[in-house]
Amino acid sequence: MSKAGGTRMRVQVAIIGAGPSGLLLGQLLHLAGIETIILEQRSAQYVLGRIRAGVLEQGSVELLERAGVASRLHREGLVHDGIELCFLGERHRIDLAGLTDGKRVTVYGQTEVTRDLMDARAAAGAMTVYEADEVSVHDFDGDAPSVRYVRDGLEHMVRCDFIAGCDGYHGVTRQSVPAGAIRNFERVYPFGWLGVLSETPPVSDELIYVNHERGFALCSMRSRTRSRYYVQCALDERIEAWPDDRFWDEIRSRLDPAAAEALVTGPSIEKSIAPLRSFVAEPMRFGRLLLAGDAAHIVPPTGAKGLNLAASDVHYLSSALIDHYASAGSMAEIDRYSARCLSRIWKAERFSWWMTSLLHRFPDGGDFARKMQEAELDYLTGSRAAATALAENYVGLPF
Ligand code: FAS
Ligand code: PHB
C-alpha cells in the first residue's frame, strides 16, 4: 500500500529518540531558539515505564537547572553525601562530600527526569512524534541531511541541518554509519543484574554496594518510601524463576547482619533483568550526524554513570550547536564535539569497569581473584587517597 501523502517539513536539528538524551538536548536547544523535532519509536508511556538510572551527579543536576527542569528534582530528590561498601559482612562508609570538597549526588529516578523533560517540551509547544516507525537517516555526509519516518501509514520527511542520534544502544543512527567509518570497543560481562522496585522504605539512608561470595548486590532507592534493589545473577536467569520471596531471601543473604535485619520487604512493582556491557563507538560525529548518550556508549550500571554520561554528551552537543547558529555557521565546536565527549567517556568507562570488577563475583575468577577484591576493598576503606579517587569519580569528573 502506498505510504505517499505524508508531511514534508524543515527544522534546524532533527533528534532521534525521546529518552533523557534526546529530550534534554531538545530542551536546551529550544531555550536557545533552535528549532527541533524529536522522533521516538515508542509511546511516551512506554518510555516512562522503563525503570533505569537512579543517581544524578552534581554536574547533571546543574545542567537540568540550566534546562529549567530542576524544580521538582530539588523538591523530591534525595541529596546524598556518601555511599557504603559492604564486604566480609561489614559496611564501610565512603564520605563523598568530605573527600570532594562538598560534592554530592542526588537520588532522583531517570523516569522522573524524563517526565520533567517531557512536560517542559509539551509546555514549549515543541514537536515530538511518538510511535514513529521506520525512522531512517539520509545524506548526513553532505550539507542537506534528512530523516524519514512512517506514522499512521504515511511516510513523512524532515529536512534539517543536523541529525542528533539519541536513540540508544539499539537505535538506528549508529547502525546507519558505514562500517568503515566507525570503530566499536566492547566488553560483555558474564552476569546480569536482577532489579526490583518496591513501595518499601529503603534499608539505609544511603546506597549500599555489596561484594559477597554469592555475588554483587545494591540497595538503592527512589524516595523515602520506594526502594530499588539489585542482585547479580547469571546471564541465563529468567524472571519467572524469581518470585518476590526468593529475591528478598537472596538479597538478605548478601547483606551485613544489621542491614539484613532492617530490610523491609514487600511486593515488587517492577522486576527486570539487565545484561551488563561496556561499549564505546568512536568517533561520535559523522558529517552532520552526531551521536549522544547510549547511542554512542554503554557502561555497566555499577558506577551510576550511564545517565550522567548522556547528560555530559548533551552539554557538549548543545553547546556546539548553539555556537554554530550563533556564529554564522561556524563548524569549529562541531569539529571538536567527538574528542571532547570521548575524553570524559573513557574515564567514566574505566571507573564503571573498575567498580564492576571490584564488586562482582566472576564465574572463572577463582580464589586469588576474590582475595585481590578483598585486598582492594580493605585498601579503599583504609586509605584516604584511595577513597578520594573513588569519591571524585562517583560524584562525577568535571565536564
Ligand atoms: P535511551 O536508551 O534511554 O533512549 C533512547 C530512545 O530512543 C528510547 O526511548 C528508544 O525507544 C528510542 N529509539 C530507539 N531506536 C529508535 C529508532 N529507530 N527510532 C526512534 N526512536 C528510537 N544508568 C545509570 O546511570 N544507572 C542505572 O542504574 C542504569 N540502569 C539501566 C538499566 C537498563 C535495563 C538499561 C538499558 C540502562 C540503564 N542505565 C543506567 C543506563 C540508562 O540510564 C542510559 O544511560 C540512559 O537511558 C541513556 O539515555 P539515552 O541516551 O536517552 O538512551
Ligand atoms: C539505581 O538506583 O537504579 C542505581 C543506583 C546506583 C547504581 C546503579 C543503579 O550504581
Side-chain angles (χ1 to χ4, degrees), residues 14-26 38-44 46-57 60 78 80 83 105-111 113-114 117-118 128-137 147-151 164-176 192-197 202 206-209 216-223 226-230 270 272-277 279 291-314 317 348 351-352 355-356 359 394 396:
I15 300 170
I16 317 299
S21 295
L23 288 164
L24 181 53
L25 178 63
I38 296 182
L39 302 175
E40 165 58 49
Q41 70 175 358
R42 301 287 189 172
S43 68
Y46 182 94
V47 174
L48 288 170
R50 292 187 303 230
I51 305 302
R52 290 188 170 170
V55 172
L56 296 176
E57 296 172 359
S60 300
L78 302 175
H80 283 198
I83 58 173
V105 295
T106 300
V107 172
Y108 188 69
Q110 173 171 323
T111 299
V113 172
T114 305
L117 286 164
M118 283 180 176
T128 306
V129 177
Y130 287 99
E131 296 176 296
D133 290 326
E134 301 176 39
V135 173
S136 58
V137 293
V147 180
R148 297 170 187 268
Y149 66 96
V150 173
R151 184 72 165 76
C166 301
D167 48 345
Y169 180 72
H170 299 288
V172 65
T173 55
R174 190 184 73 249
Q175 315 288 352
S176 301
W193 280 16
L194 167 57
V196 157
L197 195 64
E206 296 176 329
L207 273 60
I208 306 174
Y209 288 83
F216 168 82
L218 171 59
C219 302
S220 182
M221 61 195 78
R222 290 294 178 271
S223 70
R226 178 171 285 199
S227 298
R228 179 69 168 166
Y229 292 102
Y230 299 94
E270 191 270 354
S272 53
I273 293 177
L276 271 62
R277 79 176 69 240
F279 171 82
L291 306 181
D294 277 19
H297 45 75
I298 296 286
V299 285
T302 326
K305 291 294 155 224
L307 177 56
N308 293 296
L309 268 185
S312 52
D313 286 355
V314 168
L317 181 51
F351 176 68
S352 304
M355 282 280 275
T356 303
L359 294 168
Y394 194 88

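This chain uses plain numbering: 1 for the first residue, then up along the sequence. Atoms within each ligand, like the ligands themselves, are counted from 1 in listed order. Computed over heavy atoms, backbone and side chain alike; hydrogens, waters and symmetry mates excluded.
In terms of protein heavy atoms, atom 14 (C) of ligand 1 is closest to Asp167 O, 3.1 Å. Taking atom 52 (O) of ligand 1 as the reference point, the nearest protein heavy-atom neighbour is Ser21 N, 2.9 Å. For atom 4 (O) of ligand 1, the closest heavy atom belonging to the protein is Gly19 CA, 3.6 Å. The nearest heavy-atom contact from the protein to atom 8 (C) of ligand 1 is Arg50 NH2, 3.2 Å. From the protein, the heavy atom lying nearest to atom 11 (O) of ligand 1 is Glu40 OE2, 2.7 Å. Scanning all protein heavy atoms for the shortest distance to atom 5 (C) of ligand 1 gives Cys166 O, 3.4 Å.
Taking 4.5 Å as the limit, every side-chain heavy atom of Ile83 sits out of range of all side-chain heavy atoms of Glu206. Leu48 has its side chain within reach of Met118: a pair of non-hydrogen atoms, C-beta onward, lies under 4.5 Å apart. Side-chain contact between Ser272 and Ile51: absent, with no pair of heavy atoms (C-beta onward) separated by less than 4.5 Å. The shortest distance between side-chain heavy atoms of Phe351 and Val299 does not fall below 4.5 Å. You'll find the side chain of Thr114 stays beyond 4.5 Å of the side chain of Arg50, heavy atoms only. Using a 4.5 Å cut-off on side-chain heavy atoms (C-beta onward), Arg222 and Thr111 make no contact. Residues Arg174 and Tyr169 form a side-chain contact, since some pair of their non-hydrogen atoms from C-beta on lies under 4.5 Å apart. In this structure, the side chains of Leu23 and Val113 stay at 4.5 Å or more apart for every pair of heavy atoms.
For the ligand labelled ligand 1, residue Ala132 lies outside the 4.0 Å heavy-atom shell.
Short contacts between ligand 1 and Ala274, defined as distances under 4.0 Å to a heavy atom of the residue, involve ligand atoms 34 (C). Within ligand 1, counting atoms from 1 as listed, the ones closer than 4.0 Å to a heavy atom of Val47 are 9 (O). Close approach to Ile16 involves these atoms of ligand 1, each under 4.0 Å from a residue heavy atom: 19 (N), 20 (C). Residue Gly293 approaches ligand 1 through these ligand atoms, each under 4.0 Å from one of its heavy atoms: 51 (O).
When non-hydrogen atoms are compared, ligand 1 lies under 4.0 Å from the side chain of Val135 (C-beta onward) but not from its backbone. Residue contacts with ligand 1, taken as heavy atom pairs separated by less than 4.0 Å, involve Leu39 solely via the backbone atoms N, CA, C and O. For Asp294, heavy-atom contacts with ligand 1 shorter than 4.0 Å involve the backbone as well as the side chain. Under 4.0 angstrom from ligand 1, there are no non-hydrogen atoms of Ser272.
Taking each of Gln41, Lys305, Arg52, Arg42 in turn, the one with a heavy atom nearest to atom 1 (P) of ligand 1 proves to be Arg52. Relative to atom 29 (C) of ligand 1, the option among Ala53, Ser43, Gly192 with the closest non-hydrogen atom is Ala53. In this structure, of Gln110, Glu57, Glu131, the residue bringing a heavy atom nearest to atom 46 (C) of ligand 1 is Gln110. When the heavy atoms of Pro20, Gly17, Ser136, Ala18 are ranked by distance to atom 49 (O) of ligand 1, first place goes to Pro20.
Ala14 and Val147 get closest at one heavy-atom pair: CB-CG2, 3.9 Å. Ser43 approaches Tyr130 most closely through the heavy-atom pair C-CD2, 3.9 Å.
Asp313 contributes a side-chain N or O that, together with a main-chain N or O of Gly293, makes up a donor-acceptor pair within less than 3.5 Å. Lys305 places no side-chain N or O within 3.5 Å of a backbone atom of Ile298 that could act as its donor or acceptor partner.
Ring pair Tyr209/Phe216 is tilted by interplanar angle, where 30° to 60° counts as tilted.
Remark: ligand 1 and Gly171 share no N or O pair separated by less than 3.5 Å (distance only, no angle test).
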Met221/Leu207 under side chain to side chain contact (heavy atoms under 4.5 Å, CB included): CA gap, chis, key distance, verdict: CA-CA 8 Å; Met221 61 195 78; Leu207 273 60; 4.2 Å; yes

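If you look at ligand 2, the protein residues with a non-hydrogen atom under 4.0 Å away are Arg52, Gly54, Val55, Trp193, Leu207, Tyr209, Leu218, Ser220, Arg222, Arg228, Tyr230, Pro301, Thr302, Ala304.
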